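Down below is the structure, laid out as structure tokens.
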Number of protein chains: 2
Amino acid sequence: MALFVERGYFGTSVHDIVRASNVSIGSIYHHFGDKAGIARALYAAQTARMDALIAGIAARHPGAAARCRAIVEALFRLTEDDPVAMEFMLHVKHREFIPDEKPVCSSKPFEAMRRIVVEGIARGEIRPVDVMVASTSLFGSALRMITARLDGVLPKPLPEYLDEVWEASWRAVAA
Amino acid sequence: MALFVERGYFGTSVHDIVRASNVSIGSIYHHFGDKAGIARALYAAQTARMDALIAGIAARHPGAAARCRAIVEALFRLTEDDPVAMEFMLHVKHREFIPDEKPVCSSKPFEAMRRIVVEGIARGEIRPVDVMVASTSLFGSALRMITARLDGVLPKPLPEYLDEVWEASWRAVAA
DNA sequence: GTCTATATCATGATAGAC
DNA sequence: GTCTATCATGATATAGAC
């Protein structure tokens with residue numbers, strides 16, 4: 001995953017992975033079938049992890065505001081704790097190894113986030129605007145902050161910006 | 001540019017470019033030196049174009065609110081008119097062909113956007129929050145909407161979402 | 001299941017005629 | 001400046017011993 005993040009999918013050779021993992025190329029092909037299989041396995045594991053994260057938050061918090069804030073907080077922490085995983089999810093183009101596409105923002109965790117927004121609108125917590133507009137307004141700032149942090153242009157760790165980011169994001173959509 | 005966007009920098013071979021452009025490989029190397037030179041030339045032209053766009057808007061509009069709204073509108077129109085150029089700017093990793101990095105969000109057009117935000121804070125138009133937080137709050141939603149549109153998951157053209165997106169974004173930071 | 005050795009082909013880049 | 005032909009390398013993937 002680190003190699004794919006650092007150098008891209010096509011920029012990483014299977015021999016690079018052999019060197020980095022101390023596993024022979026024969027074993028790798030035995031287990032993953034082809035190069036794309038390696039990336040697919042990583043992607044599946046990562047979306048499952050994110051999905052569990054979101055589902056757990058939805059179960060523990062009532063209401064859209066608390067849930068969305070907890071999601072932003074979790075994403076901020078995850079970025080600091082495992083930046084490679086975060087970058088793999090957000091910035092590696094998985095069209096390169098999953099030919100039948102379907103973009104990240106249509107993956108299960110992102111769908112779960114939108115469901116929370118839909119419920120928030122239905123309950124009158126969130127202003128009745130287009131679901132995508134509400135979702136990007138709630139999470140767009142946080143995702144951009146994450147990108148900035150991964151690019152090394154944010155001086156402080158993300159959690160220190162959490163209160164300001166969340167207050168602004170919530171103002172954008174609060175009913 | 002279309003090839004780099006479609007298949008990535010490493011996923012595009014110089015021979016692919018030869019086929020798509022009907023120019024010989026000799027001429028290409030004569031003009032651009034190496035493969036990275038082709039991508040660098042595209043990137044330079046594109047940042048210059050974006051920079052001129054932002055500068056023109058800053059010159060024509062007074063105040064942060066009018067300027068930022070005009071920027072979002074211009075980005076939405078540009079995405080519809082030239083999606084390849086927009087995707088090249090936003091989603092192609094130029095670390096792959098510019099080794100000494102410096103991320104997109106540190107490029108001239110993005111810096112110009114942040115300057116507008118700083119002035120807006122100074123004039124009391126925008127709440128006094130961290131500059132990055134204010135910038136991502138103002139433009140993060142729009143950029144996410146652009147990404148969604150480029151990914152083919154938005155049913156309507158971006159300009160139809162402009163009013164809703166802008167109202168939410170401005171609420172987030174308005175003093 | 002893991003390994004080494006190898007086959008096959010595409011890639012970035014160059015040479016040199018015109 | 002443009003072109004064709006070619007090189008050297010490194011890529012994905014396989015074969016087959018253990």
Side-chain angles (χ1 to χ4, degrees), chain A residues 1-49 84-85 87-104 107, chain B residues 1-49 84-85 87-104 107:
Chain A
M1 191 156 72
L3 288 170
F4 286 145
V5 165
E6 177 90 10
R7 313 153 69 146
Y9 174 72
F10 286 111
T12 302
S13 77
V14 179
H15 288 284
D16 291 336
I17 297 172
V18 168
R19 272 187 293 274
S21 63
N22 289 319
V23 173
S24 74
I25 192 167
S27 288
I28 290 177
Y29 275 94
H30 178 77
H31 282 282
F32 297 102
D34 59 3
K35 181 184 172 183
I38 307 169
R40 276 196 304 270
L42 289 169
Y43 184 70
Q46 220 44 46
T47 48
R49 178 187 181 185
V84 168
E87 184 130 26
F88 185 81
M89 276 302 291
L90 288 185
H91 298 320
V92 168
K93 314 205 211 166
H94 49 292
R95 285 210 325 252
E96 294 183 332
F97 48 88
I98 310 180
D100 56 5
E101 210 190 329
K102 212 178 71 160
V104 208
S107 61
Chain B
M1 192 155 72
L3 288 170
F4 286 144
V5 165
E6 177 89 10
R7 312 153 69 145
Y9 174 72
F10 286 112
T12 303
S13 77
V14 180
H15 290 281
D16 290 336
I17 297 172
V18 167
R19 272 188 292 274
S21 64
N22 288 319
V23 173
S24 74
I25 193 167
S27 288
I28 290 177
Y29 274 95
H30 178 77
H31 283 283
F32 297 102
D34 58 4
K35 181 185 172 182
I38 307 169
R40 276 197 304 270
L42 289 169
Y43 184 70
Q46 220 43 47
T47 48
R49 178 187 183 187
V84 168
E87 184 130 26
F88 185 81
M89 276 302 290
L90 288 185
H91 298 320
V92 169
K93 313 204 210 167
H94 49 293
R95 285 210 324 253
E96 294 183 331
F97 48 88
I98 310 182
D100 57 5
E101 210 190 330
K102 213 177 73 162
V104 208
S107 62

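Keep in mind that this is a model prediction, so the values were computed, not measured. Just so it is clear: chains get the letters A, B, ... in the order the sequence lines come, proteins before strands, and each one is counted from 1.
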In terms of ring plane angle, is the pair A:His94 and A:Tyr43 parallel, tilted or perpendicular, where the classes change at 30° and 60°?
parallel

A:Val92 versus A:Phe97: any side-chain heavy-atom pair under 4.5 Å?
yes

Rounded to the nearest angstrom, tell me the gap between atom CD1 in A:Ile28 and atom P in C:dT4.
12 Å

Whole angstrom is fine here: how far is it from CD1 in B:Ile25 over to P in C:dA15?
14 Å

Of A:Gly26 and A:Ser13, the one whose nearest nucleotide on DNA chain D sits closer to the 5' end is A:Ser13

Provide, to the nearest angstrom, the distance between the CG atom belonging to A:Asn22 and the C1' atom belonging to C:dT4.
16 Å

Any cation-pi pair here, B:Lys93 with B:Phe10, using under 6.0 Å and within 45°?
no

Validation row: B:Ile28, B:His15 side chains within 4.5 angstrom (heavy atoms)
no

Start at the 5' end of DNA chain C and walk down; is the nucleotide closest to A:His31 or to B:His15 reached first?
A:His31

Check every nucleotide of DNA chain D for an atom under 4.0 Å from a heavy-atom of chain B, then give the first and the last such nucleotide from 5' to 3'.
D:dG1 to D:dA5

5' priority, DNA chain D, between B:Val23 and A:Lys35 [closest heavy atom]:
B:Val23

Taken to the nearest 0.5 Å, the spacing of A:Phe32 CZ from A:Leu42 CG works out to 7.0 Å

Return the OG to CG distance between A:Ser27 and A:Asn22, rounded to the nearest 0.5 Å.
12.0 Å

